[in-house]
Amino acid sequence: MTILVTGGAGYIGSHTVHFLKEQGQDVVVLDNLQKGHRKAMAAVPFYQGELKDEILLDTIFDTHAITAIIHFAADSLVGESVKDPLTYYENNVIGTHTLVKKMVAHDVKHIVFSSTAAIYGEPNSIPIVENDPTIPTNPYGETKLAIEKMLKWCDQAYGLKSVCLRYFNAAGADPKSKIGEDHEPETHLIPIVLQVALDQRSSVSIFGDDYPTEDGSCVRDYIHVVDLAQAHYLAVQKLKQTQQSAVYNLGNGQGFSVKQVIDTCRKVTGHAIPAKISPRRAGDPATLVASSDKARTELGWEPRYVDLETIVQHAWNWHQTHPNGFEDK
Ligand SMILES: NC(=O)c1ccc[n+]([C@@H]2O[C@H](COP(=O)([O-])OP(=O)(O)OC[C@H]3O[C@@H](n4cnc5c(N)ncnc54)[C@H](O)[C@@H]3O)[C@@H](O)[C@H]2O)c1
Ligand SMILES: O=c1ccn([C@@H]2O[C@H](COP(=O)(O)OP(=O)(O)O[C@H]3O[C@H](CO)[C@H](O)[C@H](O)[C@H]3O)[C@@H](O)[C@H]2O)c(=O)[nH]1
């Protein structure tokens, strides 16, 4: 059983590839390295190329006995998607369409798909459960929802079974600091705050303090990247055992505001971390917090690193030892 991991050189993908290797799985990676890093990957067969490259996909499926795909490759920034929705539709929807078309052609029946909390939009109630309404507030979430729907119809038409994992905010790093988060430009809150602690930035901007939340800043549910990796492994096993499609939220069930995240980073790093209030960022819902009861019950998922301080500590260890990301190695 060989698993093809698309986007396996990216942040969540690389942690998942390491986790899969630790479980003794055979893995092949496809990544165009637009955002990913070769140095982030475990020693596995690697194809540098595009999701939309049909010839390359044929080569991969003809060369390796692929039985399942874990599909991370995507554009995934909320603000960027509002500014440039067509790129998001092209890379995420058309790219996945090509991949799934080739899965059907090569009779590969199982896919685990990186979905997102962004498909819910502004939730009616917290915590969010899987059958809550899905009304995205940004093009990024729309593209992920379109793919979830495409996969549902592909199950009915072709018997292609999928697990859609709706992650909330991925954070943290490998506890041994072998790999971590390295995006250029960085847009995610925790690494940006830690860059201030490293004196690589003078301050962090809080995007809006007039949201309907306790302190006015946005609330998110931060989930450790290694716990996400574990869920992907369990999802592949589940597909194999049950031959049934499913959708799961992956979060910790606890919300932290932007201001609380900055305070936690101050505590972990001992740095004052100057912060200033800035305008809201387009497309941001006020509060996103998950119920992951379904994943715990049905997948047997047991997150190990649940408290925010531990998540920030692991990220901080990585950033301190790799202040320039993978370029340091
Ligand atoms: N980071 C989060 O908090 C978060 C939350 C929810 C969902 N997700 C989803 O998880 C997935 C991974 O996120 P991440 O944070 O690791 O992102 P990332 O940008 O670090 O990783 C994505 C990887 O995919 C590759 N890629 C992108 N488009 C490609 C293409 N057309 N062909 C080949 N390779 C391509 C990039 O080079 C990169 O290595 C994405 O699908 C994202 O939407 C992320
Ligand atoms: O400099 C910053 C950066 C972020 N934020 C705020 O911090 C929160 C978290 O922002 P991130 O950019 O870290 O993460 P997002 O919530 O925008 O999005 C992340 O989680 C989503 C799911 O919740 C998506 O799936 C997406 O791929 C992933 O980037 C947001 O309220 C954002 O406005 C700031 O205030 N200042």
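Throughout, numbering of the chain's residues begins at 1 and tracks the sequence. Every number for a ligand or one of its atoms is a count from 1 in the order of the listing. All values reported here derive from a predicted model rather than from experimental measurement.
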Please step through salt bridge (Lys or Arg N to Asp or Glu O under 4.0 Å) for the pair K35 and E184, ending with a clear verdict. CA-CA 7 Å; K35 292 275 169 69; E184 183 51 46; over 6 Å; no
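- The side-chain tip of K294 points at the ring of Y248 from less than 6.0 angstrom away and within 45° of straight on.
- Salt-bridge check for R296 with E302: failed, with every basic side-chain N at 4.0 Å or more from each acidic carboxylate O.
- Protein residues are said to neighbour a ligand when one of their heavy atoms lies under 4.0 Å from it; for ligand 2 these are S76, V78, T116, A117, Y140, Y167, F168, N169, T187, H188, L189, I192, S205, I206, F207, C218, R220, Y222, V258, R281, D284, L288.
- For the pair D227 and R304, the salt-bridge criterion is not met [side-chain N within less than 4.0 Å of a carboxylate O].
- Comment: K238 does not engage E298 in a salt bridge, judged by the lack of any side-chain N to carboxylate O separation of less than 4.0 angstrom.
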Run through all N or O atoms in ligand 1 and write down each protein N or O closer than 3.5 Å, as a pair with its distance.
{"unit_1": "ligand 1", "atom_1": "3 (O)", "unit_2": "A170", "atom_2": "N", "d": "3.0"}
{"unit_1": "ligand 1", "atom_1": "16 (O)", "unit_2": "Y11", "atom_2": "N", "d": "3.3"}
{"unit_1": "ligand 1", "atom_1": "16 (O)", "unit_2": "I12", "atom_2": "N", "d": "2.8"}
{"unit_1": "ligand 1", "atom_1": "20 (O)", "unit_2": "Y11", "atom_2": "N", "d": "2.9"}
{"unit_1": "ligand 1", "atom_1": "20 (O)", "unit_2": "H183", "atom_2": "NE2", "d": "2.7"}
{"unit_1": "ligand 1", "atom_1": "28 (N)", "unit_2": "N91", "atom_2": "ND2", "d": "3.0"}
{"unit_1": "ligand 1", "atom_1": "31 (N)", "unit_2": "E50", "atom_2": "OE1", "d": "3.1"}
{"unit_1": "ligand 1", "atom_1": "31 (N)", "unit_2": "N91", "atom_2": "OD1", "d": "2.6"}
{"unit_1": "ligand 1", "atom_1": "32 (N)", "unit_2": "L51", "atom_2": "N", "d": "3.1"}
{"unit_1": "ligand 1", "atom_1": "34 (N)", "unit_2": "N32", "atom_2": "N", "d": "3.0"}
{"unit_1": "ligand 1", "atom_1": "34 (N)", "unit_2": "N32", "atom_2": "OD1", "d": "3.4"}
{"unit_1": "ligand 1", "atom_1": "37 (O)", "unit_2": "D31", "atom_2": "OD1", "d": "2.7"}
{"unit_1": "ligand 1", "atom_1": "37 (O)", "unit_2": "N32", "atom_2": "OD1", "d": "3.1"}
{"unit_1": "ligand 1", "atom_1": "37 (O)", "unit_2": "Q34", "atom_2": "N", "d": "3.3"}
{"unit_1": "ligand 1", "atom_1": "37 (O)", "unit_2": "K35", "atom_2": "N", "d": "3.0"}
{"unit_1": "ligand 1", "atom_1": "37 (O)", "unit_2": "G36", "atom_2": "N", "d": "3.2"}
{"unit_1": "ligand 1", "atom_1": "39 (O)", "unit_2": "G10", "atom_2": "N", "d": "3.2"}
{"unit_1": "ligand 1", "atom_1": "39 (O)", "unit_2": "D31", "atom_2": "OD1", "d": "3.2"}
{"unit_1": "ligand 1", "atom_1": "39 (O)", "unit_2": "D31", "atom_2": "OD2", "d": "2.6"}
{"unit_1": "ligand 1", "atom_1": "39 (O)", "unit_2": "G36", "atom_2": "N", "d": "3.1"}
{"unit_1": "ligand 1", "atom_1": "41 (O)", "unit_2": "F72", "atom_2": "O", "d": "2.7"}
{"unit_1": "ligand 1", "atom_1": "41 (O)", "unit_2": "K144", "atom_2": "NZ", "d": "2.7"}
{"unit_1": "ligand 1", "atom_1": "43 (O)", "unit_2": "Y140", "atom_2": "OH", "d": "2.6"}
{"unit_1": "ligand 1", "atom_1": "43 (O)", "unit_2": "K144", "atom_2": "NZ", "d": "3.1"}

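- Residue pairs that meet the salt bridge (charged side-chain N to carboxylate O under 4.0 Å, His left out) test with at least one member in residues 201-218, sequence neighbours left out, are D210-R280.
- Within the 3.5 Å criterion, the main-chain N or O of P175 finds no donor-acceptor partner in the side chain of Q313.
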Determine all donor-acceptor pairs shorter than 3.5 Å in which one atom belongs to a side chain in residues 64-71; sequence neighbours excluded.
{"unit_1": "H64", "atom_1": "NE2", "unit_2": "Y47", "atom_2": "OH", "d": "2.8"}
{"unit_1": "H71", "atom_1": "ND1", "unit_2": "T6", "atom_2": "OG1", "d": "2.7"}
{"unit_1": "H71", "atom_1": "NE2", "unit_2": "T96", "atom_2": "OG1", "d": "2.9"}

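- Aromatic pair W301/Y167: ring centres not closer than 6.0 Å.
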